[in-house]
Amino acid sequence: MHYTVPHYYKRFHCTGGSCPDTCCAGWQIQIDTASLRRYRKTKGGIGARLKNEIDRDTGCFRQYGDRCAFLNEDGLCDLYLEGGGEKAFCRTCRTYPRHIEEFEGLREISLSLSCPAAAELILGSEEPVRFLDADIPSKEETYPGFDFFLFTKLTDTRTLILRILQDREHPFRVRAAIVLALAHDLQERIDRNALFDVDSLLSRYGSPTVWSWFEKRLDDLDADASHQNIRARTAGSLFVILNQMEVLRPEWKTRLRNARETLDSFPALLAAEADGFRDLFSDITAEQLMVYFVFTYFCGAVYSENAYGKIKFSFACTILIRELVRAGWLRDPEKTSSADVISIAQKFSREIEHSDFNKYRMEKMLEDEKRFGLEKMFSLL
């Protein structure tokens, strides 16, 4: 089996009871079948607690006040403390915040942005993300119907996308525009079953001339008198999507409402204010977020055949996090720090990435070309 991980993967350490947003509260913890069987056989006091504190109908640990039944007052797990350490965990607790994407012969493992310690690793570093590979002997596996040809084109495209996103000689807005257009053109070839043409597409987008073309395109859009109105409508449409998501924590709705009200009160930033915000939410921050989402989700298009949707999802998440940070900064520029950027990204991730319904719904709603066409997305840059 081949494995790929970001270079910071092994730096992760759980902060335990000092975590500001424990993973043992705020959502149901699904228990895998093997762990359920093992828990039924567990003896002693911890076995009695397991018998009482597992909801057999849902296969989840019971919650009290939105907290797992085994989360004690010190923010630590009694199942870990009394059950023999990590071996007592179910698969969810054992693997989180590791996120695993499965492909035939390949596992891509990332750290979830929803974990505060992982978010600090992802956004707290300025160096470009590198990806490490390793082969570990394991049993052969087959995925019936797995399209290796499509997967190869997706991985080739993602390699170029990551290279473009991490080219710091150019502004992030230009990098993101190129990536959006590349995914758009790739999708056109997927839809008409013309994958044989992808190599020439990648050659074209990998050419040095692509930078000046997109710089001019964005400059032309900026010069358009309707640009600001289009930007405001498109940003508003993104928030409409968020308002239609499943809510995992009640305070999330309040955060969204307050952010939207603040942003509506400041429809345009003065140049000096914009410069101040860019110091807080830099091109490097945007790059790290977009690289995170692209690495995690893009190649999943081998199952959905929606590569453009994966990039639009990655881009929309990056922009929404930026706008949530902007709202906080507008309310109090002096007190909004890089720690707030990390916290907002982490809370956004908890709400969106840990609901399959939310991920699917966002991707589907972004298919609306009238509201989220290519140039509408460009306007957000």
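Partners of Glu334 by side-chain contact (heavy atoms from CB on, under 4.5 Å), not counting sequence neighbours, listed by chain and number: Asp332. When the side-chain contact (heavy atoms from CB on, under 4.5 Å) test is applied to Cys299, the partners found at least two apart in sequence or on another chain are Phe103, Phe151, Leu154, Thr155, Arg158. Not counting sequence neighbours, the partners of Tyr308 by the ring-ring contact (aromatic ring centres under 6.0 Å, His included) test are His184. Listed by chain and residue number, nothing satisfies the ring-ring contact (aromatic ring centres under 6.0 Å, His included) test with Tyr3 (two or more places apart in sequence, or in another chain). With sequence neighbours left out, Phe348 forms a ring-ring contact (aromatic ring centres under 6.0 Å, His included) with no residue at all.
One finds no salt bridge joining Asp185 and Arg189 here, because no Lys/Arg side-chain nitrogen approaches an Asp/Glu carboxylate oxygen to under 4.0 Å. A salt bridge links Arg49 with Asp78; the closest basic N to acidic carboxylate O contact falls under 4.0 Å. Ion pair Arg192/Glu188 flagged as a salt bridge, since at least one NZ, NE, NH1 or NH2 atom sits closer than 4.0 Å to an Asp/Glu carboxylate oxygen.
Between the side chains of Glu353 and Tyr297, at least one donor N or O lies within less than 3.5 Å of an accepting N or O.
Using a 4.5 Å heavy-atom threshold, the side chains of Arg175 and Val179 count as separate. Contact check for Leu289 versus Cys317: no side-chain heavy atoms found under the 4.5 Å cut-off.
Outside the 6.0 Å centre-distance limit, the rings of Phe313 and Phe315 are not counted as a close aromatic pair. Ring to ring, His227 and Phe378 are not that close: their centroids are 6.0 angstrom or more apart.
Classification of the Phe214-Tyr205 ring pair by plane angle, with boundaries at 30° and 60°, yields tilted.
Note on residues 368-381: pairs passing side-chain hydrogen bond (donor to acceptor under 3.5 Å, both in side chains), not counting sequence neighbours, are Arg217-Glu375, Lys312-Glu369, Asp368-Arg371.
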